[in-house]
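Worksheet: the structure to be examined is printed underneath.
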Amino acid sequence: MNLLIAEDETRLLENLSHMPWDKHAIEMVGTACNGTEALIQIKQKQPDILLMDIQMPEMDGLTLAREVTREHPHIKIIILSGHDNFKYAQAAIELGVYKYLLKPAGESLILQSVRDAAQCIHAEFIERSNRVMLQEQWTHYLPILHQHFYKNLVHGHYRLEEIEHYRKSLKLEMDLHSSYALIIIDVDEHASRIAEGSLDSNKLIHLIRELLSDSDYYLCKDENGSTIVIGKIPGKEDVRQELFGIHTTMEKLLRNIKQCLDISVSAGISGDAGRLHELHPLYVQAKKALQNRAVYGGGIAIPYHEPHQIDGMLHTHHAHDDKQLEMALETADEELAIHIITNMWEASKSNSASYESIMEQMLYITGVLALFIRKRGWSIQEVTGTDFAYLYNLQSLTIPDRMYDVLRSAVKSIVSYSHCHDRKVTHKTVEAILELLETKVEQEFTLHTLADRFYVNASYLSRLFKQETGMSFTSYVLERKMERAKAALMNGARVYDAASMIGYRDISYFTKMFRRYWGVTPGSIKK
């Protein structure tokens with residue numbers, strides 16, 4: 001700490017100057033014989049502590065103290081006074097003087113007083129530094145706290161009085177009495193583009209904030225990386241008209257994002273408006289509206305509408321598409337399989353289609369594909385490759401064209417895989433049984449006759465067969481017979497011959513079993 005001494009008594013000034021200040025980390029930077037000189041020294045040397053007499057020529061100590069506290073409030077003043085008059089001490093205290101010592105004060109008392117002043121300055125500096133640091137941290141984290149507040153707000157985590165508390169403490173200008181709409185903005189094909197490193201989600205939200213320069217919009221990110229926008233409704237008379245203004249703003253925003261980042265972005269807009277404590281239902285509406293880009297495609301702002309009542313069963317123009325698709329995959333007919341997939345997909349996109357109905361059809365088709373793969377003992381992930389991530393998480397597919405592309409790609413992968421692989425059977429007994437069933441398909445085998453033939457008990461053979469093939473013995477035999485019959489019919493065989501070659505003598509019974517398995521009659525296959 002730097003010390004300046006102001007004293008008009010030469011001998012006392014000499015004594016004070018030669019005190020062991022350096023041993024106490026105090027550096028004496030100057031001396032003055034009067035108040036006027038002291039002021040000049042203070043401006044030049046910028047001391048931390050001023051040790052001075054109260055009676056000096058040209059400018060007395062109290063006047064000097066008044067000047068110092070006004071111009072240099074950080075300096076700690078210690079007065080050495082030969083007057084014990086209470087008025088002097090009172091005036092010094094009112095001026096903020098650190099200590100008032102009476103002459104003749106001992107060296108130890110003066111040293112201790114200066115040391116105490118130095119410690120006080122150090123403590124104040126630390127406190128001031130911490131306060132500045134906290135203010136900087138608060139300023140840095142304030143936007144993060146804002147986003148956290150907005151996110152909890154739209155999820156309905158706050159009561160009205162809590163909203164008011166956070167609004168004030170976070171210095172937000174949101175109006176409790178105004179109405180707000182909810183918008184969710186998301187990148188189409190979000191998962192694939194982020195995986196490719198083509199877009200930083202923070203970059204998008206910064207751009208949206210820049211484009212929505214109006215202070216009536218409040219932004220945050222949800223857990224999926226989408227951008228939530230809380231938009232203030234300016235008027236109170238016609239909410240629908242004001243919401244239409246929100247729609248127009250969002251359409252312009254999406255166009256600007258497309259121009260700036262060259263990406264397709266969609267927005268879901270709530271169908272109603274509400275106050276700050278009523279935002280959660282609007283958030284749900286906006287999410288449902290955004291989901292409908294699966295119906296309309298991406299790149300648009302979609303308002304929420306109440307869903308129509310639809311039957312629980314999804315009807316298509318083709319009652320047995322799943323069996324026909326399985327037949328096409330079984331024969332590795334890629335063209336036919338894709339044709340069937342196309343028909344099934346287009347059937348779900350009617351005028352009254354909704355996100356739920358399209359996702360139901362998507363689940364239905366992927367279920368057929370997954371079942372076909374698993375029935376052959378293959379790994380779904382191994383067969384479908386890069387498409388597995390989408391099949392595993394269908395909600396990552398946000399627009400119809402991408403959904404259809406994934407289905408087509410999965411079909412091609414299955415057909416390609418089936419050309420190179422078959423059921424993986426490792427047990428020699430089961431391997432021998434499968435070979436027997438293939439070469440003697442016209443004969444009637446039961447689990448018990450085969451158990452006797454291979455010298456094992458039937459219960460063990462039943463479990464072993466299912467473990468190796470992924471299906472029961474009865475189901476496997478029926479599948480192989482039906483597949484063999486279907487292949488024969490598709491190659492031009494007569495119904496009677498197809499039935500005979502797999503061991504069916506009763507044509508009507510064969511027709512019944514064939515229709516139950518494939519969903520169509522043998523005659524329709526032949527045609």
Side-chain angles (χ1 to χ4, degrees), residues 316-341 343-344 367-369 371-378 411 414-415 418-419 421-423 425 429-454 458 461-462 464-466 468-527:
T316 66
H317 298 298
H318 305 276
H320 304 290
D321 283 334
D322 56 340
K323 292 297 182 182
Q324 292 181 357
L325 176 58
E326 189 174 351
M327 288 166 57
L329 293 174
E330 184 64 38
T331 57
D333 190 336
E334 181 180 307
E335 183 178 354
L336 178 59
I338 290 179
H339 176 72
I340 296 169
I341 284 283
N343 289 341
M344 295 173 74
V368 173
L369 299 180
L371 181 61
F372 179 86
I373 294 171
R374 293 300 299 159
K375 283 172 67 175
R376 276 139 193 84
W378 301 337
V411 166
I414 293 171
V415 172
S418 65
H419 286 309
H421 299 78
D422 205 340
R423 286 186 176 86
V425 175
T429 300
V430 178
E431 189 177 23
I433 291 174
L434 295 181
E435 184 178 355
L436 181 64
L437 294 175
E438 285 295 320
T439 57
K440 304 291 184 181
V441 69
E442 76 282 356
Q443 294 187 20
E444 186 66 31
F445 291 105
T446 67
L447 192 64
H448 289 279
T449 58
L450 289 174
D452 292 342
R453 184 166 182 162
F454 288 93
L461 184 59
S462 174
L464 177 64
F465 190 93
K466 188 167 185 178
E468 288 287 304
T469 65
M471 56 198 312
S472 68
F473 174 79
T474 303
S475 298
Y476 181 87
V477 171
L478 178 62
E479 179 190 89
R480 296 309 300 150
K481 285 180 178 290
M482 292 297 104
E483 288 173 351
R484 184 70 66 87
K486 176 198 64 180
L489 290 167
M490 294 182 72
N491 288 328
R494 295 180 302 174
V495 175
Y496 174 82
D497 293 332
S500 180
M501 69 181 295
I502 61 171
Y504 284 87
R505 301 289 179 262
D506 187 339
I507 299 298
S508 63
Y509 181 69
F510 166 73
T511 301
K512 178 182 177 181
M513 295 299 295
F514 191 94
R515 183 168 188 172
R516 179 183 297 173
Y517 187 84
W518 290 114
V520 294
T521 63
S524 64
I525 292 292
K526 183 174 173 52
K527 293 176 183 178

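In this text the structure is predicted, and so the values were computed from the model without any measurement.
- Taking all atoms of both residues into account, the shortest heavy-atom contact from Ile340 to Ala328 is CD1-CB, 4.2 Å.
- Here the shortest heavy-atom pairing between Lys481 and Tyr504 reads CD-CE1, 4.1 Å.
- In this view, Arg484 and Glu438, Val441, Met501, Ile502 satisfy the side-chain contact (heavy atoms from CB on, under 4.5 Å) rule, not counting sequence neighbours.
- Crowding of Phe454 atom CZ: a count of heavy atoms from other residues, nucleotides or ligands under 6.0 Å exceeding 12.
- Atoms CZ and OG1, on Phe510 and Thr521 in that order, are 10.0 Å from each other to the nearest 0.5 Å.
- When all heavy atoms of Leu329 and Ala337 are compared, the closest pair comes out as CD2-CB, 4.0 Å.
- Atom CD of Gln324 and atom CD1 of Ile341 lie 12.0 Å apart (nearest 0.5 Å).
- Interatomic distance, Met490 CE to Asp333 CG, rounded to the nearest 0.5 Å: 6.5 Å.
- Looking at every heavy atom in both residues, Val495 comes nearest to Gly523 through CG2-N, 4.3 Å.
- Checking Asp452 against His448 by side-chain atom types alone, no donor-acceptor pair falls below 3.5 Å.
- Rounding to the nearest 0.5 Å gives a distance of 12.5 Å between CG of Leu461 and CZ of Arg453.
- At a threshold of 4.5 Å between non-hydrogen side-chain atoms, the residues Leu437 and Tyr476 count as touching.
- Using modelled atom types, no side-chain atom of Ser462 and backbone atom of Ala458 make a donor-acceptor pair closer than 3.5 Å.
- Side-chain contact between Phe445 and Ile433 is absent, with no heavy-atom pair separated by less than 4.5 Å.
- Using a 4.5 Å heavy-atom threshold, the side chains of Leu478 and Met513 count as touching.
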Worked check of side-chain contact (heavy atoms from CB on, under 4.5 Å) between Val411 and Phe372:
CA-CA 11 Å; Val411 166; Phe372 179 86; over 6 Å; no

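- Without hydrogens or angle criteria, Arg374 side chain to Trp378 main chain gives a donor-acceptor distance under 3.5 Å.
- Of all heavy-atom pairs between Ser418 and Val415, the closest is OG-O, 2.7 Å.
- Distance OG1/Thr429 to CG/Leu434: 11.0 Å, rounded to 0.5 Å.
- When all heavy atoms are compared, the tightest approach of Phe514 to Met482 is CA-SD, 3.6 Å.
- Put simply, CG on Leu369 and CD1 on Ile414 are 4.5 Å apart, with the number rounded to the nearest 0.5 Å.
- Other residues, nucleotides and ligands place no more than 12 heavy atoms under 6.0 Å from the CD atom of Glu435.
- Formation of a donor-acceptor pair under 3.5 Å by the Ser475 side chain with backbone atoms of Ser472 is not found in this model.
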